[in-house]
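Presented below is the structure to which this report refers.
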Amino acid sequence: MEIAATTSVSVALQSRRLLSNAFSRKIDSVSSLSFGFFERKYCVGRSRLRVTAASMDAITAEKISPASFLDKRETGVVHFVKYHGLGNDFILVDNRDSSEPKITQEQAAKLCDRNFGVGADGVIFAMPGVNGTDYAMRIFNSDGSEPEMCGNGVRCFAKFIAELQNLQGKNSFTIHTGAGLIVPEIQDDGQVKVDMGKPILKAQDVPTKLPGNKGEAVVQAELVVDGVSWNVTCVSMGNPHCITFGTKGGPNLKVDDLNLPEIGPKFENHEMFPARTNTEFVEVLSRSHLKMRVWERGAGATLACGTGACALVVAAVLEGRANRKCTVDLPGGPLEIEWKQEDNHIYMTGPAEAVFYGSALL
């Protein structure tokens with residue numbers, strides 16, 4: 001049976017108890033389960049049942065018992081919670097019982113498919129901590145590749161851990177990532193502030209083959225893309241970023257006018273970036289207000305990129321375009337970014353929200 005939830009559904013208490021094993025956490029304590037943001041269908045058989053608010057009450061506990069839902073196929077199922085940070089969405093998997101991801105990179109790519117899977121920009125695994133950290137985080141992009149880290153993903157990860165551990169109020173913990181130590185702190189208002197560490201500016205460490213033109217850093221250098229000369233600054237936040245405010249000698253960017261699907265891949269796969277690159281196209285609204293669109297390495301155009309927002313503030317400061325504390329408008333909403341002079345660390349503050357709980361066949 002394939003159940004496709006198309007509207008907001010209130011589930012009776014008895015049904016919720018019987019369904020609790022199908023989700024990554026028990027939902028007995030909540031009064032209703034909202035499927036208002038359900039994007040994808042959970043396939044648990046071959047026949048199809050479309051569930052609406054009117055029909056849900058008619059489904060008896062027997063019809064949606066664990067025996068007929070998932071229990072018999074537990075070995076081929078991954079339980080997850082879907083979160084988004086400003087529209088940058090992720091499938092979060094509780095992987096704390098193993099240092100190896102529960103699913104492969106190929107399976108992750110299938111789950112991220114928005115037509116044939118759950119739909120997401122990536123799959124994130126909450127894993128046991130290493131080197132004294134509280135937790136470790138790994139992420140597979142929607143194309144199956146593995147980036148070093150993801151800023152929006154870290155905020156989602158923090159909220160996921162808080163829910164798994166039933167933490168309330170202000171909490172902070174340490175996370176080991178491919179980009180090093182990351183420290184998120186959940187604020188009293190539910191926003192997540194993340195110490196993203198120090199930016200990496202040395203060209204070979206970004207990495208980029210562009211030669212350093214400001215010491216060992218690449219700042220407002222020329223990059224020819226498809227015959228057009230762009231001014232770019234290269235920054236790593238543990239993952240590579242190429243930031244541009246416009247073409248050489250041209251007007252400042254109006255990011256809404258960009259044909260991002262056309263130009264984005266040409267930056268991502270440019271020969272000057274041996275590990276490929278994320279690319280941020282930036283419009284300066286004021287010295288404390290920037291607007292960006294992003295083409296993410298391995299994920300394409302996304303609604304938000306936390307590491308990209310951090311990197312572009314660094315680039316804007318280095319190019320003399322902005323202050324160290326800025327609001328960055330992304331297609332999915334704003335992030336607050338501060339590059340502190342005292343410790344050279346970048347701090348990112350923004351939201352992360354749970355969308356739905358589910359199980360998917362592998």
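Residue numbers count from 1 along this sequence.
- Residues L335 and N152 form a side-chain contact, since some pair of their non-hydrogen atoms from C-beta on lies under 4.5 Å apart.
- At distances below 3.5 Å, at least one donor-acceptor pair connects side-chain atoms of D113 with backbone N or O atoms of F116.
- For F125 and F140, the gap between ring centers is short of 6.0 Å.
- Of the N and O atoms on the side chains of S145 and D143, at least one donor lies less than 3.5 Å from an acceptor on the other residue.
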field: Stepwise side-chain contact (heavy atoms from CB on, under 4.5 Å) check, R293 with L258
entry: CA-CA 9 Å; R293 290 179 68 191; L258 285 171; 3.8 Å; yes
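- A side-chain donor from one of T307 and H241 sits under 3.5 Å from a side-chain acceptor of the other.
- D89 places a side-chain N or O within 3.5 Å of a backbone atom of D121 that can act as its donor or acceptor partner.
- In this structure, V77 and S359 approach most closely via the heavy-atom pair CG1-CB, 3.7 Å.
- Of the listed residues (L253, V232, V255, V284), just one forms a side-chain contact (heavy atoms from CB on, under 4.5 Å) with F245, and that residue is V284.
- Side-chain contact of W295 with E268: a donor-acceptor pair under 3.5 Å is present, judged by distance alone.
- Side-chain atoms of T327 and E336 form a donor-acceptor pair, as typed in the model, at a separation below 3.5 Å.
- Look at K291 and D256 and you find a salt bridge, because one of the NZ, NE, NH1 or NH2 atoms lies within 4.0 Å of a carboxylate O, short of that distance.
- Pairs engaging residues 315-354 under the ring pair (Phe, Tyr, Trp, His ring centres under 6.0 Å) rule: none recorded [sequence neighbours left out].
- Contact check for E146 versus R138: side-chain heavy atoms found under the 4.5 Å cut-off.
- Checked by atom type, the side-chain pair D94/H79 shows no donor-acceptor distance below 3.5 Å.
- Among all heavy-atom pairs drawn from P261 and P265, the shortest one is O-CD, 3.1 Å.
- Side chains of D226 and V228 form no contact here, defined as non-hydrogen atoms less than 4.5 Å apart.
- The minimum heavy-atom distance linking V225 with K266 is given by the pair CG1-CB, 3.7 Å.
- Applying the side chain to side chain donor-acceptor pair (under 3.5 Å) definition to pairs two or more places apart or across chains, those involving residues 168-187 are D134-T174, N166-Q168, E185-Q187.
- Taking a 6.0 Å sphere around NZ of K102, one finds it holds more than 12 heavy atoms contributed by other residues, nucleotides or ligands.
- Between the side chains of T233 and E319, at least one donor N or O sits under 3.5 Å from an acceptor N or O.
- Only one option out of R155, E163, E353, K159 pairs with Y83 in a side-chain hydrogen bond (donor to acceptor under 3.5 Å, both in side chains); it is E163.
- A centroid separation of 6.0 Å or more is found between the aromatic rings of F90 and F160.
- Taking the side chain as every heavy atom from C-beta outward, L201 and E216 never approach each other to under 4.5 Å.
- Under the 6.0 Å distance and 45° angle rule, R96 does not count as a cation-pi partner of Y135.
- Pairing each heavy atom of I124 with each of G153, the nearest pair is CD1-CA, 3.5 Å.
- Distance alone, capped at 3.5 Å, is enough to place a donor-acceptor pair between the Q107 side chain and the T104 backbone.
- The shortest distance between side-chain heavy atoms of P240 and P207 falls below 4.5 Å.
- Counting only heavy atoms from C-beta outward, the side chains of T133 and I175 never approach each other to under 4.5 Å.
- Atom CG of L312 and atom OG1 of T279 lie 12.0 Å apart (nearest 0.5 Å).
- Nearest approach of V317 to N323, heavy atoms of both residues: CG2-O, 3.5 Å.
- In terms of heavy atoms, T302 sits closest to P331 at O-CG, 4.4 Å.
- The shortest distance between side-chain heavy atoms of V313 and I346 does not fall below 4.5 Å.
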